[in-house]
Amino acid sequence: MKKLHLILSVFMLISSLGIAKVSKTEKKALIALYNSTNGAHWIRKWDLKKPVSEWYGVKVVEDKVVEINLFHNNLMGPLPLGMSKLENLKVLNLAFNSITGELPEDLALLTSLKTLKLEMNRLKGELPQNIGGLSSLEELTAFNNFLSGGIPESIGDIKNLKVLNLSSNSLKGAIPSSLGQLTQLETLGLFENTLEGSIPGELGHLTKLKELVLANNSLNGEIPEEFNQLASLQIFQIQNNNFSSFKNLEKLKTREYLVFDHDGFDKKYEFKELKLERTRMADTKYEDIEN
């Protein structure tokens with residue numbers, strides 16, 4: 001009898017695992033995304049009658065949605081409110097689609113999110129002012145959209161951020177000094193916006209930075225003296241701006257640079273260890289591939 005009871009207990013456990021599913025709240029948020037972005041015309045559609053774990057691009061771990069990867073899947077339309085209900089989400093990849101409208105404010109409430117990829121869409125409007133709420137984020141890419149307004153100061157609160165690429169938008173105003181708080185940052189791309197003002201010296205605190213692309217803006221003033229602290233820098237592009245002085249570039253040690261693009265500096269300046277034959281123009285047309 002005891003053996004039979006044990007077998008029944010194991011059977012019930014297996015059965016319960018078999019019918020486990022994500023919460024109604026998370027499923028509702030996913031369906032809102034599907035409907036708002038014209039799911040009927042996606043390349044790989046969801047069969048809403050099947051378990052969420054079988055939906056294309058959705059990863060479920062322990063009954064929780066932890067990843068949505070809909071890269072290059074013909075999403076059209078705005079992102080819906082309610083994305084914050086996916087509170088266990090770690091990866092959201094919606095790159096290379098035709099998403100329109102503004103970013104919903106509650107997107108910044110996804111405190112578990114580590115990767116947010118929104119590049120190559122048609123997003124407009126401003127970045128959420130509370131974007132610093134994405135406290136676990138390590139990668140934020142939103143290049144090649146129509147984003148406008150300034151870069152929020154709160155972005156400096158995302159302490160684990162390693163990649164920030166907001167290039168090829170219509171962002172304006174000054175580069176916030178709070179970016180200097182992102183001490184884990186390795187890539188900073190702000191190419192081709194309408195940013196103005198001087199580069200904050202606080203960016204010199206980004207000692208892990210390998211790539212800094214500020215080309216094609218309206219930045220002015222001097223190159224910060226603090227840039228001589230950027231010992232890890234390999235790609236540095238500042239061309240097509242309105243800088244008044246390049247004198248502080250003398251202090252940079254550029255032997256290891258793979259890319260060093262500038263313009264208009266006075267020929268009297270002597271650049272330490274700079275070997276121009278090692279430099280090249282970086283490809284500023286960003287591409288992505290599906291993993």
Side-chain angles (χ1 to χ4, degrees), residues 113-117 119 127 131-143 147 150-169 171-193 195-241 243 245-262 265 271-274 279 282-284 286:
L113 199 63
K114 292 187 176 182
T115 300
L116 177 58
K117 296 177 69 63
E119 63 265 27
L127 291 166
I131 197 170
L134 294 169
S135 54
S136 300
L137 203 63
E138 296 178 1
E139 180 177 3
L140 170 56
T141 53
F143 56 83
L147 297 172
I151 300 174
E153 284 282 345
S154 71
I155 207 166
D157 296 333
I158 311 176
K159 304 301 183 183
N160 296 317
L161 201 61
K162 295 180 181 180
V163 176
L164 176 60
N165 195 333
L166 302 174
S167 296
S168 297
N169 279 288
L171 298 172
K172 62 181 181 180
I175 298 174
S177 60
S178 63
L179 291 185
Q181 301 171 22
L182 303 176
T183 55
Q184 302 303 309
L185 203 63
E186 298 178 2
T187 298
L188 176 56
L190 300 175
F191 165 84
E192 199 171 51
N193 281 286
L195 298 170
E196 56 189 12
S198 58
I199 301 174
E202 286 83 354
L203 295 191
H205 299 158
L206 306 180
T207 56
K208 294 184 179 181
L209 200 63
K210 297 178 181 178
E211 181 173 346
L212 177 58
V213 182
L214 304 176
N216 291 29
N217 280 287
S218 298
L219 299 169
N220 54 42
E222 299 182 345
I223 305 301
E225 184 178 2
E226 292 86 349
F227 272 21
N228 64 359
Q229 302 171 40
L230 301 179
S232 301
L233 203 59
Q234 297 177 1
I235 296 176
F236 184 30
Q237 293 184 290
I238 54 173
Q239 72 273 23
N240 298 327
N241 279 288
F243 296 117
S245 173
F246 292 84
K247 183 171 177 58
N248 287 327
L249 290 180
E250 289 182 295
K251 301 175 183 179
L252 299 183
K253 296 181 179 180
T254 57
R255 175 175 291 176
E256 301 302 322
Y257 278 14
L258 298 176
V259 180
F260 179 37
D261 291 325
H262 50 78
F265 64 82
F271 293 88
K272 294 182 179 180
E273 302 176 342
L274 173 62
T279 68
D283 185 0
T284 52
Y286 299 96

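A distance of 12.5 Å separates NZ in K172 from OG in S218, rounded to the nearest 0.5 Å. Here the straight-line distance linking atom OG of S167 with atom CD of Q237 works out to 9.5 Å at 0.5 Å rounding.
Put simply, the side chain of L140 reaches to within 4.5 Å of the side chain of I131, judged on heavy atoms. Looking only at side-chain heavy atoms (C-beta outward), N220 and F243 stay at 4.5 Å or farther from each other. In this structure the side chain of I199 reaches within 4.5 angstrom of the side chain of L219, judged on heavy atoms. I238 has its side chain within reach of I223: a pair of non-hydrogen atoms, C-beta onward, lies under 4.5 Å apart. When side chains are defined from C-beta on, L190 counts as touching I151, because their heavy atoms get closer than 4.5 Å.
Ionic pairing of K247 and E222 is not present here: no N-O contact between side-chain nitrogen and carboxylate oxygen is shorter than 4.0 angstrom.
The backbone N or O of L137 sits nowhere less than 3.5 Å from a side-chain atom of N160 that would complete a donor-acceptor pair. A donor-acceptor pair under 3.5 Å is absent between the side-chain atoms of N240 and the main chain of A215, judged by distance alone. Side-chain N or O atoms of D157 include none that pairs as donor or acceptor with a backbone N or O of G132 at under 3.5 Å. Without hydrogens or angle criteria, N193 side chain to L166 main chain gives a donor-acceptor distance under 3.5 Å. Checked by atom type and distance alone, the side chain of S178 pairs as donor or acceptor with a backbone atom of E153 at under 3.5 Å. Side chain of N216 to main chain of N241: no donor-acceptor pair is present (N/O by atom type, distance under 3.5 Å, no hydrogens or angles).
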task: Begin from the C-alpha positions of N248 and N228 and carry the test side-chain contact (heavy atoms from CB on, under 4.5 Å) through to its verdict.
output: CA-CA 8 Å; N248 287 327; N228 64 359; over 6 Å; no
- prompt: Taking it one step at a time, do K159 and Q181 satisfy side-chain contact (heavy atoms from CB on, under 4.5 Å)?
  reply: CA-CA 7 Å; K159 304 301 183 183; Q181 301 171 22; 2.9 Å; yes
- request: Apply salt bridge (Lys or Arg N to Asp or Glu O under 4.0 Å) to E139 and K117, showing your working.
  value: CA-CA 8 Å; E139 180 177 3; K117 296 177 69 63; 3.4 Å; yes
For residues 202-210, which side-chain donor-acceptor pairs fall under 3.5 Å, sequence neighbours excluded?
residue : atom : partner : partner atom : Å
H205    : ND1  : E202    : O            : 3.4
K208    : NZ   : Q184    : OE1          : 2.8

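Side chain to side chain, E119 and T141 meet the donor-acceptor criterion of an N or O pair below 3.5 Å.
Partner of L212 under the side chain to side chain contact (heavy atoms under 4.5 Å, CB included) criterion, out of L188, L185, T187: L188 alone.
The distance between the ring centers of F227 and F236 falls below 6.0 angstrom.
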